[in-house]
**Student:** 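Below is the structure I would like to discuss, written out as structure tokens.
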Amino acid sequence: MDRKFIEKVMTASEAVEQFVSSGSIVGIGGQTIGRCSMALAHEIVRQNKQNLILVGCSMSISMDLMVGAGLVSRTECGTGNVESFGATMRWRRAVEEGKLEVRDFSHLSMAFRFLAGSLGLPFMPTKSMLGTDLISESGVNSDSYIVMDNPWQNNDPVVLLKALNPDVSIIHAQKADKYGNVVIEGFKTHEIEMAKASTHVLVTCEEIIDSDEIRSDPSLTTIPYIYVDAVILQKWGGYPTSVYHHYVHDADHISLYQKVARVGGMEYQKYLDDYVYGCKNFDEYLSKVLDSSSKNSLIQEMDSLLE
Amino acid sequence: MDRKFIEKVMTASEAVEQFVSSGSIVGIGGQTIGRCSMALAHEIVRQNKQNLILVGCSMSISMDLMVGAGLVSRTECGTGNVESFGATMRWRRAVEEGKLEVRDFSHLSMAFRFLAGSLGLPFMPTKSMLGTDLISESGVNSDSYIVMDNPWQNNDPVVLLKALNPDVSIIHAQKADKYGNVVIEGFKTHEIEMAKASTHVLVTCEEIIDSDEIRSDPSLTTIPYIYVDAVILQKWGGYPTSVYHHYVHDADHISLYQKVARVGGMEYQKYLDDYVYGCKNFDEYLSKVLDSSSKNSLIQEMDSLLE
Amino acid sequence: MSDKIHEYLMVIEAARYISDGDVVLVGTGLPMVASLFAQKNHAPNMCYVVESGLIGPEVIPTPVSVSDPRVMNKAINHGTLISALGEILHRGLADVGFISGAQIDQYANVNSTVIGDYNNPKVRLPGSGGANDIATHSRKILIIARHEKRRFPEKCDYITSPGYIDGPDGRKKAGLHVYDPDINVITDQCVFEIDKKTGKLFLAKIMPDVTIEDVKNNTGFEIIISNSGPEVVLQPTQNEISLLNNEVDPTGVYLKH
Amino acid sequence: MSDKIHEYLMVIEAARYISDGDVVLVGTGLPMVASLFAQKNHAPNMCYVVESGLIGPEVIPTPVSVSDPRVMNKAINHGTLISALGEILHRGLADVGFISGAQIDQYANVNSTVIGDYNNPKVRLPGSGGANDIATHSRKILIIARHEKRRFPEKCDYITSPGYIDGPDGRKKAGLHVYDPDINVITDQCVFEIDKKTGKLFLAKIMPDVTIEDVKNNTGFEIIISNSGPEVVLQPTQNEISLLNNEVDPTGVYLKH
């Protein structure tokens, strides 16, 4: 949230250094195997930011990577999910071993918490989660919700969800201009509300576009510059997840990640060493895992789906 | 809200006959001198629907016309306003003469009431209106709000605004397809939330487009077909207010309207007789008030603003 | 009849509960493929809605994820999670909600959160996602799952998504606005249906070649049978099989070929 | 100095309270023209926000309405009322909120609803619009109005938009999150400013050629003057005058030429 109309283009390294702190509440963009903010997740791991609280809806391997690197003290989300590739395995193990605090919500409830945050409201009401263990289980979420009676109708309990304002959100988008006007194409999940609720927003993008393009079609701007602190040009910044209009997910690399995440230990550590700590930036990681022919095939598969 | 994917193209007369009843809560689209749903307002007057409750944000001459025709028992809005042309004069006089019940809210509060309605929530919280007569005056609004304490912070009163779900909303848009997928260009004010909160939605548009156009750029759809009951092709359907990309407002005709609305009585009645009751449809009204040269000048002025 | 055909029929039978024109909130996994089958087979005008914000796509086979470009194809809106789960589902406009789950109990409650104790889990599962919202707000709920005994316990270890909770008034007592939804659970052995008088699932249909005994042996809760006994699930036609094989899941993403 | 120049200077002086880079919630009427002057004169990087949903336009002279295509020009977003008044203003991101009003009282409360009794009005005015929201949530509030005695009563007939309500703690007691905003009221005779210690307006500046006596005669509430006395509003430069005349309101929509 740098409200000024100034140029905000920087590197991922600069952005994470400046806006992510140990202890930060970090909003996680993307969903399952689509448009995850992988480049920024790598950079946060590289910079070893500790005791993070990760919040989002469907959190996937960007979250799992930070959990696997031992940086996360709590997650608040709807799922830890890599779809057909399974659960987020480092997260799952950490929860099973009691090493990670989790607060479970439904996806809509998480989105409503961000909506409240984005509107400066203390809370949002919902009728979701009533009657289930999501609100009765052990009271772990109890500082995030209360149940009240609908003042206009008898016997109509309503859940009030406390607003959630991340310290910083990380998002990968298709386009942004240098001032931080962001265009997300395709599904937008919870990211607009989450970004607008956040104190800082860091955006990697496949392409930096001229502001004239934004101003010539102002209905397309998904996040205006007043919410955005850093714009990072990072082609393939969502890899190995898919980015609509650019490339599909890389099933091979996701499977490789899931394999080492399932095993954990030295094998997982080697993945981190080879692909995160051992790379000075995301481009170096990309150069290790993607040659031009695999790039082309991921691009071509996307193209084939776009007609 | 006809959720089915069927063709919904009809005339204004058919739409009003089918979906507007005496006693209906009618949501009013547009704002001040922009994109007001004039053709549908004329048709409602022509069909003499009585005891209407009109709800919206900045309600303008579409509302004033229905008030002037004696069809309105209550308004709930933020303003009755024709900007530099003055207040909505028939509304103003009716309020001053105690003939019309009004419930005053701030614009954001009205939009939040529609937001609650659009999400199936019983209410929305806000911090607006606190400390002012908008919530203390005579309790007239008191069935629409309550003040509660923020459960997470001491001494932090919060206004709960009761959800508002119109029976039917009337909106003029630039484009729609025959199924009711609507594209609004330029400002969108409260209309998206209002439409999604409404039981029925009637949309006039400047142009009926092919569904392929909607499906080729799905980020542009402002109201999906599942909320929409009637699509009416009505060029100049916002006249004399402006429609972005099509024509500017007609200051002369608005001034004429304001003149007779200020005077009331026979002069106002004559306006209604000549331009509403005396016309079988909106096109006949247009043919009385707009020749091709005045049309051209309103179009050209808009074009000159679009570069 | 082979297991493979039972799997096919599970998907086809589930799709039969979707009518043309329905607004369907489609959860990830098997619901995606069954809903796609419905769209291609008999419900071309259904509105396929995915929680990530995709409304009314003409789905390209075979989507593997709620973020898959295949469910963005020719959508009528690329919106937000709130567009889908808020303005459609929570608003009360979903005719059908379609989910899966790791455990389904006799009241049709679904667990997708944890096996074992929440605070000391045996297996931590992904979590609710949109499933809680879908089961809470849809007027009709479809649950699809492969039939294994451990999937059908008497009581879920954790209720993620509400069925009838604990009886016929369970949803009403909890304050849910949709308090007596139709619920059907479609497996590769049978179809359970909610008896609104008891709030419990009963055996409404059985797959061809499957016996009631088979279902009993593979179910952790008591099998209730109506007086008329279960119907037999309609055999798939050759057209249905070939549609599924060739146009809905041609590469065998969900179903063995 | 002529009335005309005082009108010009009112607009120019109001604009001086907008800094480059500010996010400004611009109400309709005079605030639109003064904010446009600021954008063209010294604040090219301000974010001009209009309640109808328009964010960051490069405004074309001279907008007459919140729905005017001139405030849509090259915007960075064409959004909704909630985009502007919710996600920016209620969220707490408005540096400046800029409104007008029919009555402004000594606590800088504004009435745009009714003259006389609410239930038996003498004159019914348009109502709040976004003004209540703007005055509630902006960190700095600008109010612009032509100086007439009836516009400046001791107490508003109706409080539409909160100033300090009834004293220094008025906003805090009412529960407003912005409980001690700067407030400036700019007229064609003077500038009032909020004294945060008393919650009352004092006479901070006076227009050239206007006397304190003039202001007293035209104001319904007691004029408070600081020890140092009012400053004199800086004369407009020739550049400012010609900018206003030629590029901000060239056809005299708001200001007599």
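In what follows, chains are A, B, ... by sequence order, proteins preceding strands, each numbered from 1. No experiment lies behind these values; they were computed from the predicted model shown.
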**Student:** Which answer fits D:Val50, side chain, backbone, both or neither, if we ask what part of it has an atom under 4.5 Å from a heavy atom of chain B?
**Tutor:**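 For D:Val50, neither part sits under 4.5 Å from chain B.
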**Student:** Check for a donor-acceptor pair, side chain of B:Glu96 on one end and backbone N or O of D:Arg124 on the other, with a separation under 3.5 Å.
**Tutor:**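 Yes, B:Glu96 side chain to D:Arg124 backbone: donor-acceptor pair under 3.5 Å.
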**Student:** Mind listing the closest non-hydrogen atom pair of D:Ala174 and B:Pro157 along with its distance?
**Tutor:**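 Nearest pair, atom of D:Ala174 first, then B:Pro157: O-CG, 3.4 Å.
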**Student:** Let me know if B:Leu108 has heavy atoms under 4.5 Å from chain D in its side chain, its backbone, both or neither.
**Tutor:**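 Both parts, backbone and side chain.
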**Student:** Would you say D:His137 and B:Ser128 are linked by a side-chain donor-acceptor pair, where the criterion is simply a distance under 3.5 Å?
**Tutor:**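 Judged by distance alone, the side chains do pair up.
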**Student:** Might you confirm whether atom CD of D:Glu148 has over 12 heavy atoms from other residues, nucleotides or ligands at distances under 6.0 Å?
**Tutor:**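 Yes.
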**Student:** Taking side chain as everything from C-beta outward and backbone as N, CA, C, O, which of these in B:Leu115 sits under 4.5 Å from a heavy atom of chain D? Side chain, backbone, both or neither.
**Tutor:**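 Contact with chain D is through the side chain of B:Leu115 alone.
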**Student:** CD1 of B:Ile33 to CG of D:Asp68: how many Å apart, nearest 0.5 Å?
**Tutor:**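 Result: 6.5 Å between the selected atoms.
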**Student:** Which bit of B:Met110 is near chain D, if near means a heavy-atom gap under 4.5 Å: side chain, backbone, both or neither?
**Tutor:**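 When you check distances to chain D, no heavy atom of B:Met110 falls under 4.5 Å.
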**Student:** Is it the backbone or the side chain of D:Thr136 that comes under 4.5 Å from a heavy atom of chain B, or both, or neither?
**Tutor:**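 For D:Thr136, the side chain is the part near chain B, not the backbone.
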**Student:** Counting neighbours of NZ on B:Lys99 that are heavy atoms of other residues, nucleotides or ligands and sit closer than 6.0 Å, is the number greater than 12?
**Tutor:**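 Incorrect, the count does not exceed 12.
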**Student:** Name the option with the most non-hydrogen atom pairs under 4.5 Å to chain D; the candidates are B:Cys77, B:Gly80, B:Ser242, B:Gly34.
**Tutor:**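 Of the options given, most contacts go to B:Gly80.
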**Student:** Report yes if some heavy atom in the side chain of D:His78 is under 4.5 Å from a heavy atom in the side chain of B:Glu185; otherwise report no.
**Tutor:**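 Of all side-chain heavy-atom pairs linking B:Glu185 with D:His78, none is under 4.5 Å.
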**Student:** What I want to check is whether the side chains of D:Ser128 and B:Ser106 have a donor and an acceptor closer together than 3.5 Å.
**Tutor:**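 Short answer, no.
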**Student:** Check whether any side-chain heavy atom of B:Asp156 sits under 4.5 Å from a side-chain heavy atom of D:His177, and report yes or no.
**Tutor:**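 Side chain of B:Asp156 against side chain of D:His177, heavy atoms only: contact under 4.5 Å found.
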**Student:** Are more than 12 heavy atoms, taken from residues, nucleotides or ligands other than D:Phe221, located less than 6.0 Å from that residue's CZ atom?
**Tutor:**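 For D:Phe221, atom CZ is crowded (more than 12 foreign heavy atoms under 6.0 Å).
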**Student:** Okay, side chain of B:Thr79, backbone of D:Gly129: is any donor-acceptor separation there less than 3.5 Å?
**Tutor:**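 Not confirmed, B:Thr79 side chain does not pair with D:Gly129 backbone.
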**Student:** Do you know the tightest heavy-atom contact between D:Pro69 and B:Leu305?
**Tutor:**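 So the minimum-distance heavy-atom pair works out to CG-CD1, 3.7 Å.
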**Student:** Look only at the side chain of B:Gln31 and the backbone of D:Val66, and say whether a donor-acceptor pair between them is shorter than 3.5 Å.
**Tutor:**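 Here the side-chain-to-backbone pair does not exist.
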**Student:** What's the spacing between B:Phe85 CZ and D:Ser65 OG if we round to 0.5 Å?
**Tutor:**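 The OG atom of D:Ser65 is 9.0 Å from CZ of B:Phe85, to the nearest 0.5 Å.
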**Student:** Is the shortest distance from a Lys or Arg side-chain nitrogen in B:Lys127 or D:Asp133 to a carboxylate oxygen in the other one below 4.0 Å?
**Tutor:**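 Not counted as a salt bridge, because no side-chain N and carboxylate O are separated by less than 4.0 Å.
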**Student:** In terms of heavy-atom proximity below 4.5 Å to chain B, should D:Thr113 be classed as side chain, backbone, both, or neither?
**Tutor:**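 D:Thr113 touches chain B through side-chain heavy atoms alone.
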**Student:** Could you have a look at B:His190, B:His249, B:Glu193 and say which one has the most heavy-atom pairs with chain D under 4.5 angstrom?
**Tutor:**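 It is B:Glu193.
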**Student:** Does the side chain of B:Thr126 reach to within under 4.5 Å of the side chain of D:His90, using non-hydrogen atoms?
**Tutor:**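 SC-SC contact between B:Thr126 and D:His90 confirmed.
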**Student:** Are any non-hydrogen side-chain atoms of B:Asp104 and D:Tyr118 less than 4.5 angstrom apart?
**Tutor:**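 B:Asp104 reaches D:Tyr118 side chain to side chain.
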**Student:** Based on non-hydrogen pairs under 4.5 Å, which of D:Ile55, D:Ile159, D:Thr80 is most in contact with chain B?
**Tutor:**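 Heavy-atom pair counts peak at D:Ile159.
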**Student:** What is the distance from atom CZ of B:Arg35 to atom OG of D:Ser52, rounded to the nearest 0.5 Å?
**Tutor:**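 Separation between the atoms: 9.5 Å.
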**Student:** Is there a side-chain contact between B:His107 and D:Asn132, using heavy atoms and a 4.5 Å cut-off?
**Tutor:**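 Sidechains of D:Asn132 and B:His107: no contact.
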**Student:** Using side-chain heavy atoms (C-beta onward) and a distance below 4.5 Å, is B:Arg92 in contact with D:Val123?
**Tutor:**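 They are in contact (side-chain heavy atoms under 4.5 Å apart), so the answer is yes.
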**Student:** How about CG on B:Asn155, more than 12 heavy atoms from neighbouring residues, nucleotides or ligands closer than 6.0 Å, or not?
**Tutor:**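 No, the 6.0 Å shell around CG holds no more than 12 heavy atoms from other groups.
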**Student:** In terms of heavy-atom proximity below 4.5 Å to chain B, should D:Leu125 be classed as side chain, backbone, both, or neither?
**Tutor:**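 Just its backbone gets close to chain B.
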**Student:** Taking the side chain as every heavy atom from C-beta outward, state whether B:Cys57 and D:Leu81 have any atom pair closer than 4.5 Å.
**Tutor:**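 Yes, close enough: below the 4.5 Å cut-off.
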**Student:** Distance from D:Tyr158 atom OH to B:Leu134 atom CG, nearest 0.5 Å?
**Tutor:**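 Answer rounded to 0.5 Å: 4.0 Å.
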**Student:** At what distance, to the nearest 0.5 angstrom, does OG of D:Ser67 lie from CD of B:Glu83?
**Tutor:**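 Spacing of OG (D:Ser67) from CD (B:Glu83) equals 6.0 Å.
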**Student:** Pick from D:Ser112, D:Gly127, D:Gly53, D:Pro126: which one has the most heavy-atom pairs with chain B under 4.5 Å?
**Tutor:**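 If we count pairs closer than 4.5 Å to chain B, D:Pro126 comes out on top.
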**Student:** Does a salt bridge link D:Arg70 with B:Glu301, judged by any charged N lying under 4.0 Å from a carboxylate O?
**Tutor:**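 Yes, charged N to carboxylate O under 4.0 Å.
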**Student:** What part of D:Lys172 gets closer than 4.5 Å to chain B, counting heavy atoms only: side chain, backbone, both or neither?
**Tutor:**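 Neither part; nothing is under 4.5 Å.
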**Student:** I need the B:Met129 CE to D:Ser161 OG distance, nearest 0.5 Å.
**Tutor:**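 Those atoms lie 11.5 Å apart.
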**Student:** Is the closest side-chain heavy-atom distance between B:Phe112 and D:Ile82 below 4.5 Å?
**Tutor:**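 A side-chain contact exists here, since the closest heavy-atom pair is under 4.5 Å.
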